[in-house]
Each structure stands twice: as C-alpha cells, then as structure tokens.
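Reminder, nothing fancy here: chain letters follow the sequence lines and each chain counts from 1. Note that these values count all heavy atoms, side chains included, but never hydrogens, waters or copies made by symmetry. Note that the coordinates shown come from a computational prediction; the quantities given were computed from them, not determined experimentally.
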Protein chains: 2
Amino acid sequence: MDVKIIDVAAIAGVSPATVSRVINQHSKVSTKTKDKVMRAIEQLGYHPNAAAKNLRSQRTMTIGVIVPDINNSYYAEIIKGIENIAYARHYKVIICDAHNLKEREVDYLNLLLDRTIDGVIIITPMLADEELFQLADKGYRIGIVGKYIEHDQIPCIYTDNVKFSQEVVQHLVEAGHRNIVFLNGYPEAIDSYERLEGYLKALRNHQIPFRPELIENGNFNEEGGYEAIKRLFNKGLSFSAVYAANDEMALGVYKACTEYGIRIPEQLAIVGVDNNRISKYIHPTLSSVNQPKYTMGAILMEKMIDTMNTNEFQDKRVFKVDSELLVRASSSFKITT
Amino acid sequence: MDVKIIDVAAIAGVSPATVSRVINQHSKVSTKTKDKVMRAIEQLGYHPNAAAKNLRSQRTMTIGVIVPDINNSYYAEIIKGIENIAYARHYKVIICDAHNLKEREVDYLNLLLDRTIDGVIIITPMLADEELFQLADKGYRIGIVGKYIEHDQIPCIYTDNVKFSQEVVQHLVEAGHRNIVFLNGYPEAIDSYERLEGYLKALRNHQIPFRPELIENGNFNEEGGYEAIKRLFNKGLSFSAVYAANDEMALGVYKACTEYGIRIPEQLAIVGVDNNRISKYIHPTLSSVNQPKYTMGAILMEKMIDTMNTNEFQDKRVFKVDSELLVRASSSFKITT
DNA sequence: ATGAAAGCGCTAACAC
DNA sequence: GTGTTAGCGCTTTCAT
C-alpha cells in the first residue's frame, strides 16, 4: 500500500497518533475527530501495514497449527474447528503439515522463535513432552490437541481413549466374542497405548484371559492393518473379532478378509476408531468410535486466544471430551459358543 | 526473543550490517568474520525477528490459500501440493477456509491489502474474474487453481473438463447407453458448465439426441445429488446411466438407488468426477475421473513463488493438466438394445 | 482529547 | 569486506 497513517492524518487534519487511536478503538477520541478520520481512511482506501503493526505491538495475530497430515479427514475436521474460531476472533492460521515427520514438526515450531506466530497448536505431537515444556517455560504459547499434557502453561484437549476402548471391547464381548484381536498403531503414539490399556482393562473386567499373540501393530494406516491381520491369519490363530485402533487399519482388515474369503461380520467382527467417512460407505458398514473432532479444535483455539490475551489461565486448562461408539454392520452379529 | 542483531554484532565484534549479511548469505563476507558471527549467533541463540524483517524488506514470505472447504479431500490434496512446495522454498502458508462463502473469500483477500501475505492462491474462486483482474492490476499477486483466467499477470492451472467429460460420455455410449442423465453442480461454477459442455459435445459426436429433461442440478453435494436423481425417478423418465459432475452427487445417487431398489450397474450405470477415496470403497465401486490434484497445487505454487521473485512471467502462465477416467464396477455393464 | 517523539529490529544505500 | 546511518509504518508513553 502506498497510503500510510501519516497520509490519513494529514487529510483528516490530525496527528498519526489520533488515527492510530481511531483504528484501534482507543475510546479517548471525540466523535467528531473519529468521523473525520474515518472519512479520510475511506477516501484514501487506507489499510494499516501488518508488518509495522506486528513489529511495534510484538504480536502477529497468527497461530500456527502443526498437523501430522492435512489430507486426513480426521485432522482436517479439527483444523476446521480451529480455523472457524480463528476467523471469528480475527486471527490468522498458518498451516504446518508435518508429514508425520518429527523433523518437520520441529522446523515449524521455530516459527515461534522468530515471532512469526503468537502461538502454536500441535495436533497429536511427536515431540516428547519435555521438549514442549521447555518452550512453554520460555514463555511461548503452546496448545495440544489429542493428548493430555502435564504442564500448567499448556492447554490441552483430548478424549478418553481408555474409556471408549473399554466400551468397544464390552460391545464385542456382549456379542459373544472372547478372542479379540487388538491392532494398534505405532507403539510410541499415545493413542496406541491408551487404547491398548482400555482393551486390557476390559478383558480383565470380563475375566477374559489376555492372549498377547492377539496384539499386532498396524502403524495406523491401511497397508499396515492389512499386513498385520494377514500375519495373524497366517499364524492360524483363532479369533472372532478385531478391534483396530483406527479406521484406516480396519480398512486393511476388510481388504484381507476379501482376499481370504472371510465374511464380515459373521466370521469376523470389526470395530475401528475415528468414524472416518468411509466407514459409513464401505460394505458392510464399519462400526467405529466417533470423536468430537471439530469441537476439540474449536475449544482449544478459543482457550489459546483467551490465554494469549489475558496471559493467565483464569480457569480450566485441561479438557477431556467424550467419544461415542457407533455400532454398525461390521460388529452386528451375535455369536454363541 | 530478547537477543537482537546488535547483540550478536557486539559479541562477534562486527556491525549489525555484517551480521545481517551473514544471515542473508550476502556472499561479500570473509570466511573469518562469517565464522565469528555464526558462533555468536549460536552462542546467544539468536533468531531474527520476522516482523522487523517483513517491515524492512516489504515481504512476508507467506502465501495465502483460499479454499472453499478444507475438509474436502479434493481440496486438501491440492493444499498438500501447495504446502509441500512452500516448505521447500521457505514460504509459509496461511490457510483460508471460505466455507463456500464469497464473503469470506473477499475477507481473506484483504490479507493482501495489509501486506500480511505476499500473494494468494485461490482454489476455484467464487469471485468474478473482473474482481480478480482489478487486484492483479494493482500489483497484487494472485494465482488460480481449477479455472482458466484471461489475465497476463495471473498464473492458473486447470484440467480440461470438456475433454474428460467427452470421455465419460463416450465410455457410457460404448457400453450401450443412449439416455444419459447429467447431474451438474451450481450452475455458476465453471466446473459445472464445462462438464456440461463436454457432455453435450459428446452427445453430438455420437448423434444422440439431447434431452434437456435429463439435466438436473445437484449442487455438488451428496444431498443435492440424492434429491436431483429422485426428481428424475419420480418424473418417470427413462434413462440407463448417470454422469454426475462430482463423486459427492454420485454418492447421493447410490443412496437413492438403494431406496428405490435399483441395481447398479445393471439397471443404472454411474460415473462421477474427483476420484474421491470413497469411490474405491463403496459397493459397487464408483467409476470416476481422477484429477492430478497434488500436482496442480504444486505446479501453481512453484509458479507463484517464481513470479513473485522475478516479477516476471518468464514463460508459461497457463497450465492445463490431463485427467483420467477410471472405469470401475458402477459402469461396467454393457447393455444391448 | 490530542500531539510530539521515541523507538520496535531489521536491511540497504552509501561510505570507506 | 565492513561500518554508519537512515528509515520501513506503526503504537505508545509523555506532555499539554
């Protein structure tokens, strides 16, 4: 832009300071001068220069969002929640696709250090908690979606993996299953071990003996789920149900079943997690756990903005939201022993 | 950050200008001083302040991307291409979800005016070409994905809707269909009328009479496709195939077929566009046109960055990429008359 | 209620 | 090859 605050000031016959006050609603301006200034702004088509503003005010009104994979509808929905609140509060969102790479996560975190962004929301971080703590301790604003964090400066929102996992297993047990495979993601991921924990707890509650050979790793993706279940099939193990730690892996199980001629749900029941849109369309429809993704993004963003503005956690820091098991065809067959 | 360029300069025993030169690889620095400076930077943990840099250099190294809906895998894939190039070229990407609202598109475009971003890529813009021209004429950098634009300062990339539409219809005709429904999106959308144009051309080529009553609008979404095809069913019109201008609407057709007990593809053949991931999973699998989404995003971003840096279109401005019809089960039944 | 003036931290033009 | 200096355009004391 060529026109700057001093030009507006000249036209309006006031000082740049006054123009600034008008723009930033600094109350202490008479209605008359405010009008003059507004007219001048209008007339010149003045737009405040963001960089100058940022430099002077030491904030950018921009939040970074580090997401493992933007083209995964699970994350996209969370981003949608974040973005929507951002828009309403006049914040901008810089999207950072980490491609599931820790290195990229770190790279993007550096935007904090050079003040490109005022804060960052990390969705299911790969970074160790310790590393996040260090940044927070230095005063950088961080928020976490999808994981509980033990640091009083880091707001976080997550869902109770253990709880819904127990519900999944209970549902399967009630349908008559006692030999239930658990397909987990990468073992380091919080979502993996918490879901595993729920699985184990539920087995215990129902006095079903734990068979470690029924646990397999599928890396949270379709191919991984496909390979994992094939390993189990090939070992000749007996089981009548699969609880996959996400829908992608469940999709892999479908594929393997087609190849092996195994009927779902009569011969094998399947339950996934995420309520991926595909789960409603695939045949048979896939039972899955639905998480309030949009809400998680929205709530955390709201909290981030609030704490950045007040510099205080006036109340809640940790948000735990409930997920819900949606029973569909893939697990709707009762077996009798 | 508390440490600034002058602090580094002091420690290294040089001037701030030299430090700046080192940071920005301004060659004309002796290896010795460069080393000293690097050490000082390291030692102090110095990070250049982005706002100051932006203000001084009049650029933000940030590109805005205005997308109709981020939680649509079609767009998400394009963004992925954009984002990946941005990362490689050290650009940041501000994501702007227009929620299919022209008003929000305009809002986000304003980021250009206050120099928050150096340029903006609009994916299938709602804004009239004229309005885009005006911005470009004022020197703002704009790029378009998914539409041809007639302005020598606006790079654009798009796919040949007319061409692949003809292929779709030809495929259907070869399978014996002569009464083919065309489900289009909102009529104003370029993708709608170009696909319609291809449909009409193909009919002409095959000397099939055009029946206007076989054209219905489905607004590019599942619900719209569902309603549209129901209107046709209810009118008692005869047709044996549906060409839906996108997969979402095709999904709606599936739903209606289930309700009406119509078998796909024996009683009704269906072809969509976008190669939505669901098309591979739904039963029967949906024939669809695959667009090189990722590539479109990547190529355009590359072009944007190049032109922003050289201030010139050294060569190509318009990119036309090919799409490909993927024939699946939903249209794999030959009928004989 | 308003104005004057001092920077925010950096880069680039000009010296040397 | 390196230093000096003058801003980039804005906000914010401190006066008045």
Side-chain angles (χ1 to χ4, degrees), chain A residues 1-38 40-41 44-62 90 110-118 309, chain B residues 1-41 44-62 90 111-118 309:
Chain A
M1 228 49 283
D2 263 334
V3 28
K4 35 203 152 192
I5 205 168
I6 199 163
D7 301 322
V8 176
I11 297 283
V14 297
S15 76
T18 300
V19 177
S20 173
R21 288 190 187 100
V22 171
I23 293 166
N24 300 295
Q25 341 248 30
H26 251 287
S27 55
K28 305 276 181 183
V29 189
S30 76
T31 326
K32 199 183 289 176
T33 44
K34 193 188 294 182
D35 279 0
K36 276 192 303 188
V37 171
M38 296 296 259
I41 288 177
L44 295 174
Y46 167 71
H47 283 265
N49 178 302
K53 210 167 191 158
N54 292 167
L55 176 57
R56 183 62 232 228
S57 60
Q58 303 284 34
R59 43 190 351 220
T60 61
M61 296 297 282
T62 305
H90 304 292
N110 279 321
L111 294 178
L112 274 172
L113 304 181
D114 66 15
R115 302 261 182 257
T116 295
I117 55 179
D118 294 339
N309 291 330
Chain B
M1 230 47 284
D2 264 333
V3 28
K4 33 204 152 190
I5 206 168
I6 198 164
D7 302 321
V8 176
I11 296 283
V14 298
S15 75
T18 300
V19 177
S20 174
R21 287 187 188 103
V22 171
I23 294 168
N24 300 295
Q25 342 248 30
H26 251 285
S27 55
K28 305 274 180 187
V29 189
S30 76
T31 326
K32 199 183 290 177
T33 44
K34 194 188 291 180
D35 279 0
K36 278 193 301 187
V37 171
M38 295 296 258
R39 254 199 308 281
I41 288 177
L44 296 173
Y46 167 71
H47 284 264
N49 179 302
K53 211 168 190 158
N54 292 167
L55 176 56
R56 183 61 234 228
S57 61
Q58 302 284 36
R59 43 187 356 216
T60 61
M61 295 297 282
T62 305
H90 304 292
L111 294 178
L112 275 172
L113 305 181
D114 67 15
R115 302 263 182 252
T116 295
I117 54 179
D118 294 339
N309 291 329

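Atom CG in B/D118 sits 10.0 Å away from atom CD in B/Q58 (nearest 0.5 Å). Expressed to the nearest 0.5 Å, how far CE of B/M61 lies from CG of B/N54 amounts to 10.0 Å. Interatomic distance, NZ of B/K36 versus OG1 of B/T18, reported as 9.0 Å (0.5 Å rounding). How far CG of A/L113 is from OH of B/Y46: 12.5 Å, rounded to the nearest 0.5 Å. B/T116 OG1 to A/N49 CG: the interatomic distance, rounded to the nearest 0.5 Å, is 8.5 Å.
Mapping A/A50 and B/T31 onto DNA chain D via the closest heavy atom, the residue that lands nearer the 5' end is B/T31.
Note: CZ (A/R59) to C1' (D/dT11) measures 13 Å, nearest angstrom. Following rounding to the nearest Å, B/K36 (NZ) and D/dG1 (P) show an atom-to-atom distance of 14 Å. The distance from atom CG of B/L44 to atom P of C/dG9 is 15 Å, rounded to the nearest whole Å. Taking atom CD1 on B/I6 and atom C1' on D/dT5, their separation rounds to 12 Å, with Å as the unit. Separating the NZ atom of B/K34 from the C1' atom of D/dT2 is a distance of 14 Å, rounded to the nearest angstrom. Summarising the geometry, the separation between NZ on A/K4 and P on D/dG7 is reported as 11 Å, rounded to the nearest angstrom. Atom CG in A/N54 sits about 16 Å away from atom P in C/dC8, given to the nearest Å. A straight line from CG of A/D7 to C1' of D/dC10 spans 13 Å, rounded to a whole angstrom.
A/S30 has a side-chain polar atom (N or O) that falls below the 4.0 Å cut-off from OP1 or OP2 of C/dT2. For B/T18, a side-chain nitrogen or oxygen approaches OP1 or OP2 of D/dG3 to under 4.0 Å. Between A/Q58 and the phosphate of D/dT11, there is no side-chain N or O to OP1/OP2 separation shorter than 4.0 Å.
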Q: Encode nucleotides 11-16 of chain C as B, S and - characters from 5' to 3', where the letter depends on protein heavy atoms closer than 4.0 Å: B to the base, S only to sugar-phosphate, - to neither.
A: BBB---
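A distance-only check finds a donor-acceptor pair linking the side chain of A/D7 to the backbone of A/K4 [under 3.5 Å].
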Q | Pair B/H47-A/L112, side chain to side chain contact (heavy atoms under 4.5 Å, CB included): steps then yes or no | A | CA-CA 10 Å; B/H47 284 264; A/L112 274 172; over 6 Å; no
